[in-house]
> 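The structure under discussion is supplied below as structure tokens; questions concerning it will follow.
What you are looking at is a predicted structure, and each value in this text was computed from that prediction instead of being measured. Note on naming: letters A, B, ... go to the chains in the order of the sequence lines (proteins, then strands), and numbering restarts at 1 for each one. Keep in mind that the numbers below use all heavy atoms, side chains included, and drop hydrogens, waters and symmetry copies.
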Amino acid sequence: MSGLYHRKKDILPLSFYARDTVPVARELLGKVLVHNSAEGLTAGLIAETEAYIQGDPACHAYRGMTPRNRAMFGPPGRAYIYFTYGMHHCFNVVTAAPGIGEAVLIRALEPLEGIDIMRKRRGRQRLRELCSGPARLVQAMGLEPAMYGHDLTEEPLVLINWTPVSEEEVAVTTRVGISSGADLPLRFYLRGNEYISKKGETSGENTGNL
DNA sequence: GGAACGATTGAT
DNA sequence: TCAATCGTTCCT
């Protein structure tokens with residue numbers, strides 16, 4: 001059995017997600033994503049997130065509900081997984097009330113558990129190449145398109161409380177890899193964490209107060 | 001029906 | 001710096 005386990009009471013409740021998206025994106029830092037799959041348990045500490053909100057031209061829900069983004073308009077606390085660049089998937093957590101198309105993209109995890117399983121899934125050995133990037137962590141954690149809409153308060157894929165994160169530990173910058181809405185300070189990461197996505201490292205750090 | 005475009009990654 | 005690769009979205 002693995003060293004990391006959790007109880008039902010450790011799972012983030014629906015109320016955590018059912019509120020404004022930006023504070024949820026900030027507070028997801030330091031939480032842990034756990035996938036208890038057939039191959040074994042993998043888990044990682046959330047080190048980098050981005051908020052995608054109403055009125056934001058980079059948000060997939062900007063032009064209304066479509067077949068792809070419908071989960072964003074559904075109940076909070078669910079998985080929104082999308083396919084991009086013809087080969088990758090990214091994982092988001094749906095936030096805010098039903099009817100509001102917002103979500104938080106998980107961009108990087110610090111691997112905690114099931115590292116050999118992650119290595120096998122990724123075909124890479126170095127820890128920093130396992131979960132440092134939105135499509136990388138999807139692969140390392142064994143997340144599948146079939147998990148679209150999955151309730152993250154239910155096994156086998158849950159988000160749990162882990163370690164508190166103070167404001168001083170949080171850096172705020174613009175988001176990575178977008179063209180419109182590029183000036184909005186909606187990216188959050190754990191300052192100094194070595195598992196931040198590579199592209200993210202170079203995007204200007206506007207930390208300041210927010 | 002057609003075309004442009006990615007919330008990326010890995011190799012050059 | 002650049003190719004890989006294809007579903008989604010929007011236009012005709």
> Just name whichever nucleotide pairs with C:dT8, Watson-Crick or G-U, keeping both distances under 3.5 Å, else none.
B:dA4
> Which whole-number value in Å describes the distance from A:Tyr62 OH to B:dA7 P?
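One finds 15 Å between P of B:dA7 and OH of A:Tyr62, rounded.
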> Does A:Arg119 pair with A:Asp116 as a salt bridge, N-O distance under 4.0 Å?
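Yes.
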> Can you build the contact string for nucleotides 6-12 of chain C? Use B for base contact, S for sugar-phosphate-only contact, and - for no protein heavy atom under 4.0 Å.
BSSSS--
> Could you list the cluster mates of A:Phe73? Members are the ILVMFWY residues connected by side-chain heavy atoms closer than 4.5 Å, either directly or through other members.
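A:Tyr52, A:Met65, A:Met72, A:Tyr80, A:Tyr82, A:Val94, A:Leu105, A:Tyr148, A:Ile178, listed by chain and number.
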> Specify the separation, in whole Å, of atom CG of A:Leu184 and atom C1' of B:dA7.
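From A:Leu184 CG to B:dA7 C1': 13 Å.
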> Less than 4.0 angstrom between a side-chain N/O of A:Arg107 and OP1 or OP2 of B:dT8, yes or no?
yes
> Does A:Arg175 come within less than 4.0 Å of A:Glu50, counting only side-chain N to carboxylate O?
no
> With respect to the side chain of A:Tyr52, which nucleotide from B:dA7, B:dT8, B:dG6 is positioned closest?
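Per side-chain heavy atoms of A:Tyr52, the pick is B:dA7.
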> Between B:dC5 atom P and A:Tyr82 atom OH, what is the distance in whole Å?
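After rounding, the gap between these two atoms is 18 Å.
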> Hey, does A:Ile178 reach any base, or is it just sugar-phosphate, or nothing, if we go heavy atoms under 4.0 Å?
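The answer is sugar-phosphate, as A:Ile178 gets under 4.0 Å only of primed atoms, P, OP1 or OP2.
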> Check every strand shown and say whether A:Ala135 touches a base, only sugar-phosphate, or nothing at a heavy-atom separation below 4.0 Å.
sugar-phosphate
> Report yes if some heavy atom in the side chain of A:Val170 is under 4.5 Å from a heavy atom in the side chain of A:Tyr189; otherwise report no.
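In short, these two side chains do not touch, never coming nearer than 4.5 Å.
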> For residues A:Glu169 and A:Pro164, report the shortest heavy-atom separation together with the two atoms involved.
OE2-O, 4.2 Å
> Can you tell me how far C1' of B:dA11 sits from CZ of A:Arg126, to the nearest Å?
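Taking atom C1' of B:dA11 as the reference, CZ of A:Arg126 is at 13 Å.
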> Over how many whole Å does the gap from A:His89 atom NE2 to B:dG6 atom P extend?
19 Å
> For B:dT9, does either OP1 or OP2 sit under 4.0 Å from a side-chain N or O belonging to A:Arg124?
no
> Rounded to the nearest angstrom, tell me the gap between atom NE2 in A:His88 and atom P in B:dA11.
11 Å
> Answer yes or no for A:Arg19 and A:Tyr17: cation-pi contact, defined as NZ/CZ to six-membered ring centre under 6.0 Å and angle to ring axis within 45°.
no
> Taking all atoms of both residues into account, what is the closest heavy-atom pair of A:Met118 and A:Ala43, and its distance?
CE-O, 3.5 Å
